[in-house]
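Okay, structure first, notes after.
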Amino acid sequence: MSFKERVYSLLRKVPKGKVVTYGQLAKMAGKPRAARAIGVFMRINPDAPRTPCHRVVASDGSLTGYSAQGGVKKKKRMLVEEGVFFIKDKVDLAKSCLNNRYTFTS
DNA sequence: AAAATGACGGTGT
DNA sequence: TACACCGCCATTT
């Protein structure tokens with residue numbers, strides 16, 4: 001299983017109403033410094049409906065991108081729809097950031 | 001094998 | 001708060 005696949009499977013476990021940062025995903029998948037590479041994985045997300053790539057935000061809570069129709073604007077709308085807290089156009093990480101740990105084998 | 005490609009993150013101004 | 005810089009990295013050419 002490639003690093004990319006691990007990231008995707010972890011992302012699929014992020015519950016609605018919560019978000020995770022690229023850096024956290026990287027750490028969970030076992031490569032703390034691979035946040036940037038993960039950004040690429042999201043961009044080329046092959047299975048958009050099944051993988052909630054809209055729940056991935058930057059470390060400061062800003063929405064840095066969304067390749068699907070609508071761009072970041074659509075992304076924010078989806079998150080608000082799910083109940084994620086916002087402060088202007090940034091996610092309120094203190095309230096909506098996933099801080100629990102998800103494992104591969106769980 | 002080497003270079004290019006980004007939806008990053010931390011630091012400094 | 002906001003930029004610009006720069007180091008990092010898996011994947012694909």
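Worth saying up front: this structure is predicted, and the values here are computed from it rather than measured. We name chains A, B, ... by the order of the sequence lines, and we start the count at 1 in each one.
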What contact category does Ser59(A) fall into here, base, sugar-phosphate, or nothing, at under 4.0 angstrom with non-hydrogen atoms?
sugar-phosphate
Under 4.0 Å between a side-chain N/O of Ser2(A) and OP1 or OP2 of dA10(C), yes or no?
no
Integer-rounded Å distance: dT12(C) P and Ile44(A) CD1:
6 Å
Select base, sugar-phosphate, or nothing to describe what Arg43(A) touches, counting heavy atoms under 4.0 Å on all strands.
base
Could you give the CE-to-P distance, from Met78(A) to dA7(B), as a whole number of Å?
18 Å
From the list dC8(B), dC8(C), dA7(B), which nucleotide is the closest neighbour of the side chain of Arg33(A)?
dC8(C)
Can you tell me whether the side chain of Arg36(A) and the base of dC8(C) have a donor-acceptor pair closer than 3.5 Å?
yes
Nearest-angstrom distance from the residue atom CD1 of Ile38(A) to C1' of dG6(B)
13 Å
By nearest-heavy-atom nucleotide on DNA chain B, the more 5' of Ala58(A) and Val40(A) is Val40(A)
Using the side-chain heavy atoms of Lys4(A), tell me which of these nucleotides is nearest: dT12(C), dC9(C), dA7(B).
dT12(C)
Counting the atoms with a prime plus P, OP1 and OP2 as sugar-phosphate, which does Tyr22(A) contact under 4.0 Å by heavy atoms, base, sugar-phosphate, or nothing?
base
Report the distance from atom CG of Asp60(A) to atom P of dC3(C), rounded to the nearest whole Å.
12 Å
dC8(B) P sits how many Å from Phe3(A) CZ, rounded?
14 Å
Interatomic distance where NZ belongs to Lys76(A) and C1' belongs to dA7(B) [whole Å]
17 Å
Quick one: CG on Leu10(A) to CD on Gln24(A), what's the gap to the nearest 0.5 Å?
11.5 Å
Expressed as a whole number of angstroms, how long is the span from Met42(A):CE to dC9(C):P?
18 Å
Is Ala37(A) touching bases, backbone alone, or none of the nucleic acid, heavy atoms closer than 4.0 Å?
base
Sidechain N-carboxylate O distance under 4.0 Å for Asp89(A), Lys76(A):
no
In whole Å, I'd like the distance from the OH atom of Tyr8(A) to the C1' atom of dT11(C).
10 Å
Trace of the side-chain contact (heavy atoms from CB on, under 4.5 Å) decision for Ser96(A) with Phe86(A)
CA-CA 9 Å; Ser96(A) 310; Phe86(A) 270 82; over 6 Å; no
Measure from the side chain of Ser67(A), starting at C-beta and using heavy atoms only, and say which of dA7(B), dA2(C), dA10(C) lies closest.
dA7(B)
About how many Å separate CZ of Arg50(A) and CG of Asn45(A), when rounded to the nearest 0.5 Å?
10.0 Å
Under 4.0 Å, heavy atoms only, any strand: does Lys31(A) hit a base, just the sugar-phosphate, or nothing?
sugar-phosphate
Thr51(A) OG1 to Tyr8(A) OH distance, which is reported to the nearest 0.5 Å:
7.0 Å
Going by modelled atom types, is there a donor-acceptor pair between the base of dA7(B) and the side chain of Tyr66(A) at under 3.5 Å?
no
